[in-house]
Amino acid sequence: MTIMAGMGSPTGTGVGPLLRGWRERRQLSQLQLALRADSSARHLSFVENGRSRPSRELLLRLAEQLDVPVRERNTLLLAAGYAPHYPETPLDDPSMDAVRGGVERLLAAHDPYPAVVVDGSFRVLAANRSLGLLLDGVAPHLLEPPLNAIRITLHPDGLAPRIVNLRQWRHHLLERMERQLELVRAEPLRRLYEEVRGYPEPADDPAQDMAGDGFPFALPMRIRHDGRVLSFLSTIATFNTPLDVTVSELAMETFLPADAETVRFLQSAVGPERQL
């Protein structure tokens, strides 16, 4: 697998090329975007060609209509000569108490099933106690801060040797990273992608490739643990309408048991299911 040419958010030397890149990515004409943003196609053409500087307000309207990620909206503003509009507040800042508290309650409520919170580069920010059960046998150097969920999963010293359908799950995670790279200009994420893409690929094994079969509704992660195979379906939750870069990139991944055996084992090993 090779990284696609042009992967990453739209590039250019100014706000015009950046806007044009986002517009073309969303497959909108200048007229369509101008109407949505209460502007004119002529003015938008001048902006994209560098003949006119958009106002701060217009730029934010255009970014909203193009569904540009919050971090990249700041990039557009900076390219046009404006200060960033969206703050990037550390998660441990007192002003983030409500966010942290809500996340911690959701993590605890998901026990006895694993759940983890990551940032835009898949760094682990928080996890519930059930996740620790899956980390048995992971090499200590992978568990030193800052932990990275993708690295722990796919590294040969991590979960990879225990994942029954590793070829399928590896493909899923690499595609997920590629989609992320198409939206954000994040060099740490790009470096992580190149790193994990370089890990040894699983050998061809028809039995392994079929290990995720039998679940027609979603691909499970099937992992060996304590003499049994546990099966999980993964869901991802994010904040709606975020107004902060940090909050916009938070993602909670929860692992739901995909069969009765996994339910029984987790409830006996971790404890009974809890309610919010």
Side-chain angles (χ1 to χ4, degrees), residues 103-119 121-177 180 192 195-196 199-202 205 207-215 217-238 250-274 276:
V103 165
E104 289 168 0
R105 285 190 291 274
L106 287 171
L107 285 172
H110 196 67
D111 273 325
Y113 313 130
V116 61
V117 175
V118 299
D119 66 9
S121 296
F122 299 98
R123 289 176 297 186
V124 176
L125 303 179
N128 65 2
R129 58 176 182 156
S130 302
L131 188 76
L133 182 144
L134 296 184
L135 299 182
D136 287 349
V138 172
H141 69 90
L142 293 175
L143 300 178
E144 296 176 359
L147 282 69
N148 188 281
I150 298 289
R151 183 179 291 117
I152 288 173
T153 302
L154 295 182
H155 195 284
D157 295 334
L159 297 179
R162 294 166 48 207
I163 298 177
V164 178
N165 56 332
L166 179 59
R167 286 172 61 87
Q168 293 175 318
W169 199 249
R170 178 181 184 273
H171 179 72
H172 154 68
L173 290 182
L174 289 179
E175 281 193 335
R176 179 174 164 188
M177 295 181 76
Q180 186 92 336
L192 177 67
E195 175 191 330
V196 300
Y199 293 162
E201 291 192 40
D205 184 349
Q208 183 188 99
D209 290 341
M210 297 176 62
D213 292 352
F215 299 87
F217 36 84
L219 176 70
M221 179 182 72
R222 307 196 67 218
I223 185 166
R224 298 183 187 89
H225 179 79
D226 198 23
R228 56 176 55 80
V229 174
L230 304 178
S231 299
F232 295 97
L233 299 174
S234 168
T235 69
I236 298 174
T238 59
L250 290 179
M252 176 182 289
E253 185 161 11
T254 56
F255 294 89
L256 304 172
D259 56 35
E261 180 181 0
T262 302
V263 172
R264 287 193 295 269
F265 174 76
L266 290 173
Q267 289 186 350
S268 64
V270 181
E273 189 170 0
R274 300 180 181 183
L276 276 172

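The minimum heavy-atom distance linking H110 with F255 is given by the pair NE2-O, 3.4 Å. Considering every non-hydrogen atom in both V116 and L107, the closest pair reads N-CD2, 4.0 Å. In plain terms, the two heavy atoms of A149 and V124 that are nearest each other are N-CG2, 3.8 Å. Between P156 and P161, the closest heavy-atom pair is O-CG, 3.1 Å. Summarising the geometry of R222 relative to N165, their closest heavy-atom pair is N-OD1, 3.1 Å, with the distance given to 0.1 Å.
By the neighbour-count criterion of 12 heavy atoms within 6.0 Å, atom CZ of R123 is sparsely surrounded, having that number or fewer from other residues, nucleotides or ligands.
Looking at heavy atoms from C-beta onward, W169 lies in side-chain contact with S234 at the 4.5 angstrom threshold. Side-chain atoms of L266 and L133, non-hydrogen and from C-beta on, do get closer than 4.5 Å to each other. With contacts defined as side-chain heavy-atom distances shorter than 4.5 Å, the pair R176/I150 does not qualify.
Among residue pairs with one or both ends in residues 145-155, those qualifying as salt bridge (Lys or Arg N to Asp or Glu O under 4.0 Å) are R151-E195; sequence neighbours excluded. Counting only residues at least two apart or on different chains, the ring-ring contact (aromatic ring centres under 6.0 Å, His included) pairs with a member in residues 124-149 are H141-H155.
Atoms CD1 and CG, from I163 and L230 in turn, are 12.0 Å apart once rounded to the nearest 0.5 Å. Atom CD of residue E253 and atom CZ of residue F232 lie 11.5 Å apart, to the nearest 0.5 angstrom. One finds the CG atom of L131 at 11.5 Å from the OG1 atom of T254 (value rounded to the nearest 0.5 Å). Summarising the geometry, atom CG belonging to L159 is positioned 10.0 Å from atom CG belonging to D136; distances are rounded to the nearest 0.5 Å. To the nearest 0.5 Å, atom CG of residue L154 and atom OH of residue Y199 are 7.5 Å apart. A distance of 8.5 Å separates OH in Y113 from CG in L256, rounded to the nearest 0.5 Å.
Taking F265 as the reference, H225 meet the ring pair (Phe, Tyr, Trp, His ring centres under 6.0 Å) condition, with sequence neighbours excluded.
In this structure a side-chain-to-backbone donor-acceptor pair under 3.5 Å is missing from R170 to A160. Side chain of N148 to backbone of S121: a donor-acceptor contact under 3.5 angstrom is found.
Side-chain contact, T262 with S231: no donor N or O sits under 3.5 Å from an acceptor N or O. A donor atom on one side chain and an acceptor atom on the other are not found under 3.5 Å apart for H172 and Q168.
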